[in-house]
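First up is the structure itself, then whatever we jot down about it.
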Amino acid sequence: MRYRSPRGTQDILPELQPYWHHIVQSAENIATKYNYKKIDTPMFEDTDLFLRGVGEGTDIVEKEMYTFLDRGGDSLTLRPEGTASICRAYIEHGMHTLPQPVRLYYIAPAFRYERPQRGRFRQHHQFGLEAIGDGSPIIDAEIIELAYQYLYSAGISKMQFMINNIGDKSCRPMFVNALVEFYKKRLDDICEDCRLRFSKNPLRLLDCKRTDYLCQQMIGDSPHTVDYLCTECDEHWNRLLSYLDSLNINYIINPRLVRGLDYYTKTVFEVHPQESGSQTALLGGGRYDGLMEELGSKPVPGIGFGSGIERIVGELRTNKNFVIKELIPDAIMIHIGSPASLEVIKIASSLRNEGMNIVIAPDGRSLRGQMRYAESMKASYVIIIGQNEIDSGLAQVKNMSNGTQKSCPINELSPDSFSNID
RNA sequence: GUGAGCGUGGCCAAGUGGUUAAGGCGCCUGUCUGUGGCACAGGAGAUCGUGGGUUCGACCCCCAUCGCUCACCCCA
């Protein structure tokens, strides 16, 4: 085969469309209940937006961006995630003059240059949403509840909803300091990746999954972010937990959850299916109170999440608890001879105008061949018009499920013609 | 970027050195010259991922390359 879809991309074939439709409907339905409004932003942005927004030290920026120069020499990047673009739009369109917070959602493709594997693609699609302009933990609770409702209504009933608080710029340095102190004396016990993390990005020491060194034991004994929160972050954290408790949301406090993007502050969360291996996160997000300032605005707090639609489709398919209904024609038009074909395209057109799903059988096949076609399409009814029918003015209408057939005047064919053929 | 496994018609898949590369699904046709589902018969569709090498001879062995899949890193 000469051409294939580019590496890490995929065609969403008709048989998978019902899953997508269902998930997108759940997303829009839930978002609308919480009064989030839809926004679309360009598929690419100035590269600099992501360098600043996502953070220069992150894996996304260091090795995963789809960056290119356009004909004018400007550096552009296919968006690797949604939040930076939304914040740019908020600033660009002066949304700080709207009632705060501004609630927005999007359904859009995202791009990362990675080696594809299960649940990971170079182009994937995200449903995400952001609440910008309110730093209260009541918004955190709203977003988390919304995320839960969305996954639940999409068909994910069993999930691990993990949350943590990683502090802000005033208290996180103290935690990182404590973490570094804790690891400093035991560098020989941890894997080489962790030694790299130690010097580059200590927070991610907590992310290590290797079991061939003492990393796991170290993580278990290491300090917890929530023990080092400043007064403000601590109060935020406690209020959020009490909101979640009063909403009866099941969450797991995961002190190891630190997330890969630089912009997160305070609340972070991630959702995995009940049985999960690697890269199974269905949804992830958190608060980003410093991001707008980083992008050149006055300080404006924000929080949001992104969820991977492909991964949710994958979950629904493996659990097989989603019933797909096929698109089946109401009737197939069978025609023998060219006078009949002339008649049939007109009838098909008028029946469609009355709301029916009509397919004209392939031209040039025998009656038998066209009947076989109708059978394979699982059509409920068939309308047969040949020379006899043209001459008599009476079409044959056949009920495919029980085989009974009756004649009906060609110029009176309508949705009612199918109603009483038993 | 690192490591492993795998590449035979649209899909599944046999063949592992030797004349025309099984079979199944699907598609089309006929038996039934104007009536489907079943059955039977037939047809179309493959330069065996690509390039090189070994050999009298390669789908099969060797090398390279590309692609796919999975894992690591990290994430949706």
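On a predicted model such as this, the values are computed, not experimentally measured, just so you know. Just so we're on the same page: letters track the sequence lines, and every chain starts at 1.
For B/rG34, its base sits under 3.5 Å from the side chain of A/E389 at one donor and acceptor pair at least. For B/rC73, the base has no donor-acceptor partner in the side chain of A/R204 [N/O atoms by modelled type, under 3.5 angstrom].
Within the 4.0 angstrom heavy-atom criterion, base atoms lie near A/I384. Within the 4.0 angstrom heavy-atom criterion, base atoms lie near A/F121. As judged by a 4.0 angstrom heavy-atom cut-off over every strand, A/G128 is placed among residues making no nucleic acid contact. Among the protein residues, A/I334 comes within range of no part of the nucleic acid, since none of its heavy atoms lies under 4.0 Å from any strand. A/E270 comes within 4.0 angstrom of nothing in the nucleic acid, heavy atoms only.
Looking at the side chain of A/R4, the nearest of the listed nucleotides B/rA76, B/rG67, B/rU29 is B/rG67.
Ring geometry for A/Y381 versus A/F418: interplanar angle of 30 to 60°, hence tilted. Aromatic ring pairs are classed by plane angle as parallel below 30°, tilted from 30° to 60° and perpendicular above 60°; the pair A/F198 and A/Y183 is tilted.
Residues from residues 360-371 of chain A with heavy atoms under 4.0 angstrom of RNA chain B, sorted by number: A/R365, A/S366, A/L367, A/R368, A/M371.
Each of A/G285 and A/P116 has a nearest nucleotide on RNA chain B; the 5'-most of these lies closest to A/P116. Along RNA chain B, the nucleotide nearest A/R115 and the nucleotide nearest A/G306 are compared for position; the residue whose nucleotide lies closer to the 5' end is A/R115.
For A/Q117, a side-chain nitrogen or oxygen approaches OP1 or OP2 of B/rA71 to under 4.0 Å.
The closest side-chain donor-acceptor pair between A/Y34 and A/E145 falls under 3.5 angstrom.
When the C1' atom of B/rG1 is taken as reference, atom OH of A/Y113 falls 10 Å away, rounded to whole Å. A/Q10 has its CD atom 12 Å from the P atom of B/rC68, to the nearest Å.
Remark: A/R122 qualifies as a cation-pi partner of A/Y113 under the 6.0 Å distance and 45° angle criteria applied to the six-membered ring.
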Pair pattern of RNA chain B in dot-bracket, where unpaired bases get dots and | marks partners in another strand, Watson-Crick or G-U under 3.5 angstrom:
((((((((.[[[..)..(....]]].(((((.......))))).....[[[[[..)....]]]]])))))))....
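For the pair A/E375 and A/R372, the salt-bridge criterion is not met [side-chain N within less than 4.0 Å of a carboxylate O].
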